[in-house]
Q: 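Starting off with a structure, shown below.
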Amino acid sequence: MSVGVETSGLRKRLKANEALSGVTLSFEPGVLNGVIGPDGAGKTTLLRVLIGLLAPTEGTVAYSVDGRPAGFDAIRPGMAYMPQQPSLYPDLSVREHLEFFADLYRLPAAVYRERSEELLRVTRLERFQDRRAGRLSGGMYKKLGLMCALLQSPSLMLLDEPTNGVDPISRREFWELLGRVTARKVTVIISTAYMEEADRCARVHLLEAGKVLASGAPAELKRERGIKGFAELFLRLGGAA
């Protein structure tokens, strides 16, 4: 199924801070959607509201399946969330993590075997199945987190700054993996503070101080503004906000 997500007038207050200030966005189904912005832009808060971990102070979140409205409970089993903070168990190996999440998702043995073998192959972690998560490099750790999220074959994935602090080669490999995911028409919503990663998305939303600066296809946004670099576009829009 193809899952779409829309927000309308979304506001979220965290004590004295308004993390989201009237955010209205449309995340296209079956493609890679980017939420771009610096630290403190509201990216994490937005993803937590979308996944249901936080309730909005105001506004609504609407979901659709194959173009038809759907309730949160209907799509929740097909949602996967990868938080920014370390969320794996340092004393468990790569293989033990996969087995744990297979049990959590109640995957049949044959399905688990097929999916885990494919994921280990495409992530190039086959040789590291017995290595504990606490001893993985930053890039390998993020790949393991992505594998655990993909094991259930989700329809909607929310990834909170998964490439933050990862070396350039691992970042490139991570984005290649995401390309494989979206080729299967999975809806991906990914947040990042790296301006150059915006060009890897089919559609981007620029967020600063909880407000939407612009939305659209990266190439179209740059062409409309007559600039080449996404960092320049963000600075120009941020300065005008």
Side-chain angles (χ1 to χ4, degrees), residues 2-8 10 20-47 50 61-64 66-67 80 82 84 122 139 142 146 149-150 154-241:
S2 183
V3 177
V5 185
E6 294 188 359
T7 70
S8 178
L10 210 60
L20 300 175
S21 303
V23 172
T24 297
L25 296 173
S26 177
F27 297 100
E28 293 186 8
V31 302
L32 189 54
N33 298 265
V35 179
I36 318 298
D39 292 342
K43 304 186 298 298
T44 295
T45 301
L46 174 61
L47 265 61
L50 297 182
V61 180
Y63 307 91
S64 63
D66 297 330
M82 185 173 169
Q84 181 180 359
V122 299
K142 294 297 179 71
L146 184 61
L150 288 172
S155 302
L156 172 63
M157 292 191 68
L158 296 95
L159 312 175
D160 191 8
E161 299 200 47
T163 59
N164 184 35
V166 176
D167 65 271
I169 294 178
S170 295
R171 284 170 58 193
R172 185 187 66 214
E173 292 177 342
F174 195 92
W175 280 98
E176 290 173 354
L177 289 173
L178 291 183
R180 291 174 178 263
V181 173
T182 52
R184 298 181 179 181
K185 302 302 180 183
V186 177
T187 303
V188 176
I189 302 175
I190 180 172
S191 70
T192 179
Y194 294 117
M195 297 295 114
E196 69 274 15
E197 291 186 338
D199 287 307
R200 294 181 176 270
C201 303
R203 184 175 177 82
V204 294
H205 306 284
L206 271 61
L207 206 63
E208 184 179 49
K211 298 179 180 179
V212 179
L213 299 182
S215 294
E220 293 178 1
L221 286 175
K222 290 190 293 185
R223 184 170 57 250
E224 290 172 357
R225 302 284 172 167
I227 58 177
K228 296 180 179 180
F230 225 89
E232 182 184 350
L233 172 59
F234 189 89
L235 289 171
R236 182 179 298 184
L237 294 176

Q: Kindly give the heavy-atom pair with the smallest separation between Ala80 and Ala149, and that separation in Å.
A: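 The pair with the smallest heavy-atom distance is CB-O, 3.7 Å.
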
Q: Checking the side chain of Ser155 only, and the main-chain atoms of Val3 only, is there a donor and an acceptor separated by less than 3.5 Å?
A: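 No, Ser155 side chain to Val3 backbone: no donor-acceptor pair under 3.5 Å.
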
Q: Mind checking the OG1-CG spacing from Thr7 to Leu46? Nearest 0.5 Å is all I need.
A: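 CG of Leu46 is found 6.5 Å from OG1 of Thr7.
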
Q: Atom NZ in Lys142, atom CD in Glu173: separation rounded to 0.5 Å?
A: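 Going from the NZ atom of Lys142 to the CD atom of Glu173 covers 14.0 Å.
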
Q: Tell me if a side-chain donor or acceptor on Lys43 pairs with a main-chain N or O of Pro38 at a distance below 3.5 Å.
A: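 Confirmed, Lys43 side chain pairs with Pro38 backbone.
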
Q: So, taking the atom named CZ in Arg203 and the one named CG in Leu25, what distance separates them when rounded to the nearest 0.5 Å?
A: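 The distance works out to 8.5 Å.
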
Q: Between Thr192 and Leu159, is any pair of side-chain heavy atoms under 4.5 Å apart?
A: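 Result no, sub-4.5 Å side-chain heavy-atom pair not found.
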
Q: Considering only heavy atoms from C-beta outward, does the side chain of Lys222 approach that of Asp199 to under 4.5 Å?
A: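 Contact flag for Lys222/Asp199 side chains = yes.
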
Q: At their closest point, which heavy atom of Ser21 faces which heavy atom of Ala209, and how far apart are they?
A: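 Here Ser21 and Ala209 meet closest at OG-O, 4.2 Å.
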
Q: If you compare all heavy atoms of Ser191 against all heavy atoms of Asp160, which two are closest, and at what distance to 0.1 Å?
A: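 Closest pair (atom of Ser191, atom of Asp160, distance): OG-OD1, 2.8 Å.
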
Q: Between Lys185 (side chain) and Ser2 (backbone), is there a donor-acceptor pair under 3.5 Å?
A: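 Judged by distance alone, no pair lies under 3.5 Å.
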
Q: Please find the pair of heavy atoms, one from Trp175 and one from Cys201, that lie closest to each other, and give the distance.
A: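 Shortest heavy-atom contact: CH2-SG, 4.0 Å.
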
Q: Hey, is the main chain of Val31 close enough, under 3.5 Å, to the side chain of Thr182 for a donor-acceptor pair?
A: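 No: the side chain of Thr182 does not pair with the backbone of Val31.
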
Q: Where is the tightest heavy-atom contact between Ala202 and Pro218, given as atom of each residue plus distance?
A: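 Ala202 and Pro218 have their closest heavy atoms at O-CD, 3.6 Å.
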
Q: Atom OG1 of Thr24 and atom NZ of Lys211: how far apart are they, to the nearest 0.5 Å?
A: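 Between Thr24 OG1 and Lys211 NZ, I get 13.0 Å after rounding to 0.5 Å.
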
Q: For the residue pair His205 and Ile189, establish whether any side-chain heavy-atom pair is separated by less than 4.5 Å.
A: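 Side-chain contact under 4.5 Å: no.
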
Q: Please check this pair: side chain of Asn33 against backbone of Glu28, looking for a donor-acceptor N/O pair closer than 3.5 Å.
A: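 Checked: pair present.
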
Q: Starting at CZ of Phe27, measure out to OG of Ser64 and round the result to the nearest 0.5 Å.
A: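 So the gap between those two atoms works out to 12.5 Å.
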
Q: Taking atom CG of Leu156 and atom OH of Tyr63, what is their separation to the nearest 0.5 Å?
A: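 If we round to the nearest 0.5 Å, Leu156:CG and Tyr63:OH are 8.0 Å apart.
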
Q: Would you say that Arg200 contacts Arg171 through its side chain, given a criterion of any heavy-atom pair below 4.5 Å between the two side chains?
A: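 A side-chain contact is absent here, since even the closest heavy-atom pair is not under 4.5 Å.
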
Q: Would a 4.5 Å heavy-atom cut-off, applied to side chains only, mark Thr163 and Tyr194 as touching?
A: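 Of all side-chain heavy-atom pairs linking Tyr194 with Thr163, at least one is under 4.5 Å.
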
Q: Report yes if some heavy atom in the side chain of Leu146 is under 4.5 Å from a heavy atom in the side chain of Pro162; otherwise report no.
A: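 No, side chains not in contact.
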
Q: Do the non-hydrogen side-chain atoms of Leu206 and Val204 ever get within less than 4.5 Å of each other?
A: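 Result yes, sub-4.5 Å side-chain heavy-atom pair found.
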
